Amino acid sequence: VQLQASGGGLVQPGDSLTLSCAPSGFAFDLPAIGWFRQAPGKEREGVSCIRTRDDTPFYADSVKGRFTISRDSAKNTVYLQMNSLKPEDTAIYYCAADRRCTYFNGSRYHVLVDYWGQGTQVTVSS
């Protein structure tokens with residue numbers, strides 16, 4: 001199982017960026033696919049998750065209204081559209097997949113997640 005993450009970069013505050021996650025093998029069929037992020041000196045925290053059986057999205061409060069997660073079954077890809085980016089969004093973003101979107105809630109349950117992609121750096125700076 002692999003999750004290939006891409007799309008990070010350096011942007012200015014207020015800009016947009018789209019991350020992509022391409023799970024391979026059975027990962028795309030796992031019940032929950034989403035994103036964590038980890039800033040320097042901080043815990044890894046859940047950002048967003050999509051429940052694959054009905055495409056229901058879940059978001060951390062800090063990104064609600066700015067980030068949108070979506071899934072393209074034809075391309076076997078999950079996207080995280082990030083708008084109105086802020087400096088505090090700066091972090092390494094990790095794509096992950098597992099059984100429950102509840103694992104993507106907060107910073108306590110990432111230890112339960114079994115499948116991870118490599119990180120992609122997002123830097124928001126003027």
Side-chain angles (χ1 to χ4, degrees):
V1 173
Q2 290 186 335
L3 294 97
Q4 187 70 35
S6 61
L10 171 63
V11 297
Q12 295 186 339
D15 283 353
S16 298
L17 203 58
T18 300
L19 304 182
S20 299
C21 174
S24 63
F26 63 85
F28 195 74
D29 296 323
L30 284 170
I33 302 175
W35 298 88
F36 288 85
R37 68 185 181 187
Q38 189 165 17
K42 294 190 176 181
E43 292 183 314
R44 188 168 298 192
E45 62 174 359
V47 175
S48 181
C49 177
I50 189 164
R51 191 168 62 193
T52 58
R53 63 178 172 87
D54 58 8
D55 285 342
T56 298
F58 299 89
Y59 301 99
D61 287 343
S62 59
V63 306
K64 278 181 183 176
R66 299 188 298 122
F67 290 12
T68 302
I69 191 169
S70 61
R71 193 171 70 107
D72 187 333
S73 299
K75 296 183 179 180
N76 275 13
T77 301
V78 174
Y79 302 98
L80 185 68
Q81 173 70 39
M82 305 185 294
N83 298 328
S84 302
L85 282 162
K86 305 175 181 180
E88 50 263 44
D89 295 317
T90 295
I92 299 174
Y93 284 69
Y94 297 92
C95 177
D98 211 290
R99 295 165 292 171
R100 300 171 184 264
C101 274
T102 50
Y103 293 170
F104 293 76
N105 185 17
S107 58
R108 289 189 294 174
Y109 304 114
H110 64 87
V111 295
L112 300 176
V113 176
D114 287 334
Y115 305 104
W116 292 89
Q118 86 287 4
T120 184
Q121 177 71 47
V122 173
T123 303
V124 185
S125 175
S126 56

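Fair warning: this is a prediction, and the values are worked out from it, not measured in the lab.
- Around atom OH of Tyr59, more than 12 heavy atoms belonging to other residues, nucleotides or ligands sit under 6.0 Å away.
- Screening Arg44, Glu43, Glu45 for a side-chain hydrogen bond (donor to acceptor under 3.5 Å, both in side chains) with Gln38, the sole residue that qualifies is Arg44.
- Scanning both residues, Phe104 and Ser48, for their nearest heavy atoms gives CD2-O, 3.7 Å.
- Of the possible polar contacts, none joining the Asp98 side chain to the Arg100 backbone as a donor-acceptor pair under 3.5 Å is found.
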(request) Check step by step if salt bridge (Lys or Arg N to Asp or Glu O under 4.0 Å) holds for Asp89 and Lys86. (result) CA-CA 5 Å; Asp89 295 317; Lys86 305 175 181 180; over 6 Å; no
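- Val124 is not listed as a side-chain neighbour of Asp15, based on a closest heavy-atom distance of 4.5 Å or more.
- Ring geometry, Trp116 versus Phe36: the interplanar angle falls from 30° to 60°, so the pair is classed tilted.
- Without hydrogens or angle criteria, Thr52 side chain to Leu30 main chain gives a donor-acceptor distance under 3.5 Å.
- Heavy-atom minimum distance, Ala32 versus Cys49: CB-SG, 3.6 Å.
- Annotation: side chain of Leu3 is in contact with side chain of Tyr115 (closest heavy-atom distance under 4.5 Å).
- Side-chain heavy atoms closer than 4.5 Å link hydrophobic residues (I, L, V, M, F, W, Y) into clusters, and following such links, possibly through other members, connects Tyr93 to Val11.
- Between the side chain of Gln4 and the backbone N or O of Gly117, no donor-acceptor pair lies under 3.5 Å.
- The structure places CZ of Arg53 at 12.0 Å from CD1 of Ile50, a figure rounded to the nearest 0.5 Å.
- The backbone N or O of Ser84 lies less than 3.5 Å from a partner atom in the side chain of Arg66, making a donor-acceptor pair.
- Tracing side-chain contacts under 4.5 Å through hydrophobic residues (I, L, V, M, F, W, Y), one reaches Ile92 starting from Val113; they form part of the same cluster.
- Contact detail for Gly8 and Leu19: the closest heavy-atom pair is N-CD2, 3.6 Å.
- Remark: Thr18 pairs with Tyr79, Gln81 by the side chain to side chain contact (heavy atoms under 4.5 Å, CB included) rule, at least two apart or across chains.
- Summarising the geometry of Arg108 relative to Val111, their closest heavy-atom pair is O-CG2, 3.7 Å, with the distance given to 0.1 Å.
- In summary, the side chains of Thr123 and Gln121 do present a donor paired with an acceptor at a separation below 3.5 Å, with no hydrogens or angles considered.
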(request) Please test Ile69 against Trp35 for side chain to side chain contact (heavy atoms under 4.5 Å, CB included), starting from the C-alpha separation and ending with a verdict. (result) CA-CA 9 Å; Ile69 191 169; Trp35 298 88; 4.1 Å; yes
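- The hydrophobic clustering, which links ILVMFWY residues whose side-chain heavy atoms are closer than 4.5 Å, places Leu10 and Leu17 apart.
- Side chains of Arg37 and Leu80 form no contact here, defined as non-hydrogen atoms less than 4.5 Å apart.
- In this structure the side chain of Cys101 reaches within 4.5 angstrom of the side chain of Phe58, judged on heavy atoms.
- Heavy atoms only, all atoms of each residue included: Ala5 and Cys95 are closest at CB-CB, 4.2 Å.
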